[in-house]
There are 2 protein chains.
Amino acid sequence: MLFTEKIKELRIQNQMPQRQIAAALDIDTATYCKIEKGERKAKKEQVAILSEMFHVEMTDLLTLWLADKVTDMVSDEHVVASEALSMAAENLRRIG
Amino acid sequence: MLFTEKIKELRIQNQMPQRQIAAALDIDTATYCKIEKGERKAKKEQVAILSEMFHVEMTDLLTLWLADKVTDMVSDEHVVASEALSMAAENLRRIG
DNA sequence: CTATCTTTGCCAAATAATGTCAAGACAAAA
DNA sequence: TTTTGTCTTGACATTATTTGGCAAAGATAG
């Protein structure tokens, strides 16, 4: 599940219009619309606010959010993408 | 092995001063120095030039380069980092 | 049709990335 | 010790990318 799909799902479940979410994030409705469609990336603080609004664990949303960012980054380089991900995981183990 | 380590190793093996590499990349020596120390990220075109200079496969360097970028991105979020990497790998399989 | 919600395109503001310059650190050679 | 060449660092400039607002246009329900 993608971050963008998840926040839309949560918003619908809670029966909230984009306008309400946008207000909480202190941004324009149009901007939030773009976040939900993946045309803009949310900031970390915005993810925090979203997890509060929807009563879900911050780490859950944060994981999806980060995964989306990484996917976006590597999908420009499909040839080496998956190997690079493996290496990055390895790097994490070594460094922290 | 990190990208930064690799290009330094290759440069030393070929007995080239940073000045020579910087000239080929059309940047200041100081900038190349930072790239080698990881304080600046190389652009993709620069990676291409480096692989030519050192006579190594472009994809080899590109993989290291991308892995470094990903590592850098996720290491800010160590709590969710490795799970996000798994998800990103999964996303790649699904999307492409 | 009207009202509300959502989406899109274009431009402005803010932020981050990239590069330069000048000066300093360091080592080897003269 | 002075010189020479290489590498490194920090402050600043430039450029590129990201983020946001505004206005107008779809879409959908009442």
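Below, read A as the first sequence line, B as the second, and so on, with proteins coming before strands; counting in each chain starts at 1.
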Chain A footprint on DNA chain C, 5' to 3' - any atom under 4.0 Å from a heavy atom: C/dC5 to C/dC10
Whether over 12 other heavy atoms sit under 6.0 Å from B/Gln13 CD: yes
Salt bridge B/Lys6-B/Asp60, side-chain N to carboxylate O under 4.0 Å: no
Sorted by number, the residues of residues 40-47 of chain A with heavy-atom contact under 4.0 Å to DNA chain C: none
Side-chain donor or acceptor of A/Trp65 paired with backbone N/O of A/Ala42 under 3.5 Å: yes
Close side-chain approach of B/Leu10 to B/Leu50, heavy-atom, < 4.5 Å: no
Heavy atoms of other groups near A/Glu5 CD, more than 12 under 6.0 Å: yes
Identified side-chain contact (heavy atoms from CB on, under 4.5 Å) partner of B/Ile27 from the options B/Lys34, B/Arg40, B/Lys43, B/Gln46: B/Gln46
Cluster check A/Leu2, A/Val47: I/L/V/M/F/W/Y, side chain < 4.5 angstrom: no
A/Glu83 (side chain) donor-acceptor with A/Val80 (main chain) under 3.5 angstrom: no
Min side-chain heavy-atom separation B/Phe54-B/Ile21 under 4.5 Å: yes
Test item: B/Asp68 and A/Asn91 side chains (from C-beta on) under 4.5 Å apart, heavy atoms: yes
Interface residues of residues 6-19 of chain A with DNA chain C (non-hydrogen, below 4.0 angstrom): A/Arg11, A/Pro17, A/Gln18, A/Arg19
Derivation of the side chain to side chain contact (heavy atoms under 4.5 Å, CB included) call for A/Leu66 and B/Asp76: CA-CA 10 Å; A/Leu66 187 56; B/Asp76 290 339; over 6 Å; no
DNA chain C contacts made by residues 31-38 of chain A, counting heavy atoms under 4.0 Å: A/Cys33, A/Lys34, A/Lys37
Student check: side-chain heavy atoms of B/Ile35 and B/Ile7 closer than 4.5 Å: yes
Nucleotide range of DNA chain D lying under 4.0 Å from chain B heavy atoms: D/dT6 to D/dA11
All salt bridge (Lys or Arg N to Asp or Glu O under 4.0 Å) counterparts of B/Glu36, not counting sequence neighbours: B/Arg11
A/Glu9 CD: over 12 foreign heavy atoms closer than 6.0 Å: yes
Greater than 12 external heavy atoms within 6.0 Å of B/Asp26's CG: no
